[in-house]
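Heads up: numbering here begins at 1 and tracks the sequence. Predicted model only: the values in this text are computed from it and were never measured.
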Amino acid sequence: MLEKYYKQLKEKVLTETMPDGLKVVMVEKPDYHKTFAVLTTDYGSLDEKYQVGQGSPKKIPAGTAHFLEHKLFEKENEDAFTRFGQLGADANAFTNAYQTSYLFSTTQHVVPALQHLLQFVQTPYFSDKTVAKEQGIIGQEIQMYEDDPNWAVYMGILSMMYPESPMAHDIAGTQQSIATITPELLYDVHHAFYQPSQLTLQVIGHFDKLELLETISQTQQLFASNSSSVTRLTPNLQPAVNLSDTRQFNISRPKVAFGIRINGKPLRGTIVTKRTLAVDLMLDLLFGEQTDWYQKLYNKGIIDSEFDTSFDLIREYQFISIFAETTAYQALEKAIKTQINQYRSALKNQAHNFEQLKRATIGEGIQRLNSLENIALRGDDALSGANLFDKIELLQDLTFDDILVTADIIFQDAVLQRFVLQNRF
């Protein structure tokens with residue numbers, strides 16, 4: 001068992017890899033009554049093509065990861081939620097672009113709840129009847145997303161930045177794509193991406209680590225260790241074509257999204273976390289509420305409290321997105337372009353502001369450590385090799401020079417794209 005101690009934070013993370021390849025990450029919190037457990041596979045909506053061993057490439061319809069997440073809770077004679085309820089545990093799951101996670105929280109019966117988590121996720125049951133039923137349920141969910149203007153503007157800018165790519169596909173898929181899902185397809189995908197070597201289990205809270213590892217070991221022996229080599233086949237990303245696009249929608253005020261696609265080699269490990277931290281702080285220094293740039297546009301009524309910026313780094317996809325609700329989106333676009341073009345002068349003499357933002361962000365991170373849920377639901381960091389404690393340490397080591405270097409990487413050849421939702425009436 002590997003042990004990493006974070007002296008400043010007074011936290012300890014224990015890591016063990018089971019004989020079948022299952023990775024276990026434990027954070028003991030003996031002063032807490034609650035325990036969180038999260039079982040994660042790094043399989044998400046971006047995975048639309050893969051290869052097992054030397055076999056032929058296999059295609060996965062858009063929405064399959066999300067569909068599979070739903071179906072794993074339903075067994076031949078029971079629902080996995082029922083057993084969690086009997087144990088006094090709250091359970092949930094979620095799927096995003098790069099992972100699917102199953103979790104529970106409880107103040108009692110940790111061991112049987114953990115056994116149940118491992119068992120139901122690794123024991124699939126699918127039939128024509130249950131798949132057809134789920135296609136109807138998720139079809140309604142897809143319709144709900146299609147009617148959401150915030151989701152529509154987000155997907156609109158993604159489709160412009162990454163045309164015809166998995167990133168441009170809704171996590172839930174489309175009515176057409178989920179209609180092609182079959183039990184056989186789900187079994188194949190589960191075998192490829194839910195084998196123990198693809199899974200990471202995080203347990204945070206009140207438990208006995210030796211008892212926990214013994215429970216995991218005994219439970220995993222129930223599953224055959226017929227692991228296969230799986231290769232994710234990533235798409236050849238097409239260049240962005242359109243700089244602007246508009247869609248009519250049932251809204252009272254236009255919603256606009258701006259995007260900057262950042263090309264380059266995919267990043268791995270803690271470099272992902274460091275880049276994300278640096279860009280987030282850089283965006284605050286350029287577009288944050290405390291800047292003259294923001295206040296000027298706010299006072300003119302060009303932006304309001306809906307204005308927001310974000311940075312995403314997901315495998316080979318790396319992009320900045322900016323969202324606003326405004327009728328003056330052309331003036332906003334001009335202001336954003338000006339700020340990007342003069343980013344060096346805008347960042348000049350901001351070392352003091354950087355230190356203030358950095359301290360505030362570290363403080364927020366340390367506060368989050370008081371929540372077991374915040375620590376537990378960092379499956380994305382666990383998969384990239386960094387946890388919430390690593391993130392705080394990386395943030396502490398970040399310098400203003402890191403921000404300037406990152407700005408050069410992001411903005412030197414930046415191209416701004418715009419997607420607008422307009423009132424159809």
Pair listing, side-chain hydrogen bond (donor to acceptor under 3.5 Å, both in side chains) test, anchored in residues 152-168, at least two apart
none

Side chains of residues 24-34: which donor-acceptor partners sit under 3.5 Å, not counting sequence neighbours?
{"from": "Lys29", "atom 1": "NZ", "to": "Glu11", "atom 2": "OE1", "distance (Å)": "3.2"}
{"from": "Lys29", "atom 1": "NZ", "to": "Glu11", "atom 2": "OE2", "distance (Å)": "2.6"}
{"from": "Tyr32", "atom 1": "OH", "to": "Asn370", "atom 2": "O", "distance (Å)": "3.1"}

Just by distance, no angles: are the side chains of Thr40 and Thr200 close enough, under 3.5 Å, to form a donor-acceptor pair?
no

Quick one: OG1 on Thr35 to CD1 on Ile204, what's the gap to the nearest 0.5 Å?
9.5 Å

Any side-chain donor near an acceptor of the partner, His169 and Ser45, under 3.5 Å:
no

Acceptor/donor pairs from residues 295-302 side chains to any protein atom, 3.5 angstrom cut, sequence neighbours excluded:
{"from": "Gln295", "atom 1": "NE2", "to": "Glu289", "atom 2": "O", "distance (Å)": "2.6"}
{"from": "Asn299", "atom 1": "ND2", "to": "Gln295", "atom 2": "O", "distance (Å)": "3.0"}

What class does the angle between the rings of Phe120 and Phe84 fall in, given that below 30° is parallel, 30 to 60° is tilted and above 60° is perpendicular?
perpendicular

Do Arg275 and Gln318 get their side chains close enough for a donor-acceptor pair, meaning under 3.5 Å?
yes

Ring centers of Phe287, Tyr294 separated by less than 6.0 Å
no

So, Thr95 versus Glu69: side-chain donor-acceptor pair below 3.5 Å or not?
yes

Indicate whether any N or O donor in one side chain lies under 3.5 Å from an N or O acceptor in the other, for Thr82 and Asp79.
no

Could you state the interatomic distance from CD (Gln356) to NE2 (His352), rounded to the nearest 0.5 Å?
3.5 Å

Considering residues at least two apart in sequence or located in another chain, which fulfil the side-chain contact (heavy atoms from CB on, under 4.5 Å) criterion with Gln330?
Arg418

With Phe311 as reference, evaluate Leu277, Val279, Ile260 under the side chain to side chain contact (heavy atoms under 4.5 Å, CB included) test and give the passing residue.
Val279

Is there a donor in the side chain of Thr276 and an acceptor in the side chain of Thr273, or the other way round, less than 3.5 Å apart?
no

Among side-chain atoms of Asp20 and Gln220, is any donor-acceptor pair under 3.5 angstrom?
yes

From the list Leu158, Asp312, Leu46, side chain to side chain contact (heavy atoms under 4.5 Å, CB included) partner of Tyr317 resolves to Leu46

Salt bridge (charged side-chain N to carboxylate O under 4.0 Å, His left out) between Asp402 and Lys358, worked out:
CA-CA 12 Å; Asp402 291 326; Lys358 175 179 164 180; over 6 Å; no

Is the Tyr343 to Trp293 ring centre distance short of 6.0 Å?
no

Are Ser371 and Glu373 close enough that a side-chain donor and a side-chain acceptor fall under 3.5 Å?
no

Salt bridge (charged side-chain N to carboxylate O under 4.0 Å, His left out) between Lys4 and Asp390, worked out:
CA-CA 10 Å; Lys4 183 173 182 180; Asp390 293 319; 3.0 Å; yes

Can you list everything that forms a ring pair (Phe, Tyr, Trp, His ring centres under 6.0 Å) with His190? Sequence neighbours excluded, please.
Tyr194

Gln417 side chain to Ile157 backbone, donor-acceptor under 3.5 Å
no

Mind checking what makes side-chain contact (heavy atoms from CB on, under 4.5 Å) contact with Glu393, not counting sequence neighbours?
Tyr6, Gln396

Please find out if less than 6.0 Å separates the ring center of Tyr98 from that of Tyr43.
no

